[in-house]
Amino acid sequence: MSNPLSAAVIDWFEHNGRDLPWRRDGFTPWGTLVSEFMLQQTPVQRVLPRLEEWLRRWPTPADLAAAAPGDAVRAWANLGYPRRALWLHRAAEQIVDRHGGVVPDDVDALLALTGIGDYTARAVAVFAYGSRHPVVDTNTRRVIARAVHGNAEPAPPRRSDLADMEALLPDDDVEQAEMNAGLMELGALVCTARRPACEVCPIADQCQWLLAGSPPYAGPRRATQKAYEGSDRHVRGLILAALRGSDTVTAETVEGLWPDPVQRDRALAGLIADGLVVPASDASEPCTRYRLP
DNA sequence: TAACCGTGGAC
DNA sequence: TGTCCAAGGTT
């Protein structure tokens with residue numbers, strides 16, 4: 001049984017959903033898992049070429065687990081948040097160790113893997129294996145906030161988001177997966193953050209926010225994100241970009257990347273603590289070079 | 001739990 | 001031009 005909202009979303013998705021690699025027949029669970037890692041905070045269009053290259057090079061978890069972590073960081077290229085590359089490599093090792101090299105289909109087993117949280121675990125379980133779970137990402141939360149709750153913007157993520165989505169899921173196995181994917185797609189293509197295209201929205205006639213006259217957001221202001229320019233993240237990014245470009249980088253080169261020695265050292269120490277950078281000491285010399293793990 | 005973690009495109 | 005945003009997760 002399916003409610004009017006999910007029926008409209010599913011019908012729209014069947015006709016308007018994008019032709020993306022992870023929606024094609026024959027795409028593997030491992031491919032789904034890799035794509036979900038890459039899509040964490042990185043736009044679809046930037047993921048596509050890196051995903052294709054990654055899966056050609058490491059078509060199974062065992063292939064990635066056998067590689068050096070640094071190769072994963074390098075192949076991650078400019079997708080951002082390079083810790084995800086490290087975590088994906090670690091998850092591949094765990095899949096080999098715990099699950100015989102097969103991506104698990106169980107949400108709890110997926111949640112136990114490094115770098116996998118509420119969203120990714122359910123996305124893999126639903127999209128790779130077809131089991132029935134609410135999949136809630138930022139798109140889903142925004143559509144539900146508007147269509148169901150009548151708010152212009154969603155509240156910060158919370159556990160009740162899963163129940164909200166669960167309430168919208170059809171019982172049918174195929175339809176629940178399409179509803180999960182369709183609501184995300186609707187948020188990505190139509191019910192966008194900045195300028196929602198309500199004039200073409202398939203659920204406009206059911207949207208509580210639109211029916212209320214599209215009132216502006218009334219909740220508390222979200223914390224504005226800190227400037228990237230000049231931040232520690234900026235410095236980390238510069239150091240890592242240099243390391244992606246060559247096997248090793250000298251301390252002298254690192255010094256040339258950023259003028260402030262305190263911030264530079266803090267960024268480098270952070271990268272080392274995260275396991276993204278390794279001091280490569282020569283046997284006869286003090287540590288003056290760095291490399292990827 | 002709030003802060004932290006990259007990068008680039010859109011406006 | 002600076003701000004916002006993007007299929008989150010970890011500590």
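Naming: A, B, ... by sequence-line order, numbering from 1 per chain.
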Considering only the [atom1] atoms, how many Å lie between [N] and [M], rounded to the nearest integer?
N	M	atom1	value
C:dA7	B:dA3	C1'	22 Å
B:dG6	C:dT11	P	14 Å
C:dG2	B:dC5	P	22 Å

Can you give one letter per nucleotide of nucleotides 4-11 of chain C, 5' to 3': B if a protein heavy atom sits under 4.0 Å from the base, S if only from the sugar-phosphate, - if neither?
BBBBBBS-
Per the salt bridge (Lys or Arg N to Asp or Glu O under 4.0 Å) rule, what does the pair list look like for residues 189-215 of chain A, sequence neighbours excluded?
none
Taking only residues at least two apart or on different chains, which pairs with a member in residues 130-149 of chain A satisfy salt bridge (Lys or Arg N to Asp or Glu O under 4.0 Å)?
A:R132-A:E166, A:R132-A:D171
Between A:N78 and A:D274, the residue closer to the 5' end of DNA chain B by nearest nucleotide is A:D274
Does A:T253 have any side chain to side chain donor-acceptor pair (under 3.5 Å) partners at least two apart in sequence or in another chain, and if so, which?
A:T250
At under 4.0 Å between heavy atoms, what does A:P82 touch on the DNA or RNA strands: base, sugar-phosphate, or nothing?
sugar-phosphate
Mind checking if A:Y228 touches a base, just sugar-phosphate, or nothing, with heavy atoms under 4.0 Å?
base
Under 3.5 Å side-chain donor-acceptor pair for A:T248 and A:R291:
no
Polar contact flag, side-chain donor to acceptor under 3.5 angstrom, A:Q176-A:D172:
no
By side chain to side chain contact (heavy atoms under 4.5 Å, CB included), which residues pair with [X], not counting sequence neighbours?
X	value
A:A267	A:V235, A:R236, A:I239
A:A188	A:R18, A:N139
A:Q206	A:P4, A:L5, A:A8, A:I203

Members sharing A:Y228's hydrophobic cluster, built from side-chain contacts under 4.5 Å between Ile, Leu, Val, Met, Phe, Trp and Tyr, are none
According to side-chain hydrogen bond (donor to acceptor under 3.5 Å, both in side chains), does anything in residues 37-56 of chain A pair up with another residue at least two apart or in another chain? List the pairs.
A:Q40-A:T120, A:T42-A:R84, A:R50-A:E53
Quick note, side-chain hydrogen bond (donor to acceptor under 3.5 Å, both in side chains) partners involving residues 67-81 of chain A, not counting sequence neighbours, are A:Y81-A:R233
First and last nucleotide of DNA chain B, 5' to 3', lying under 4.0 Å from heavy atoms of chain A:
B:dC4 to B:dA10
Which ones in residues 262-270 of chain A lie close to DNA chain C, meaning a heavy atom under 4.0 Å from one of its atoms?
none
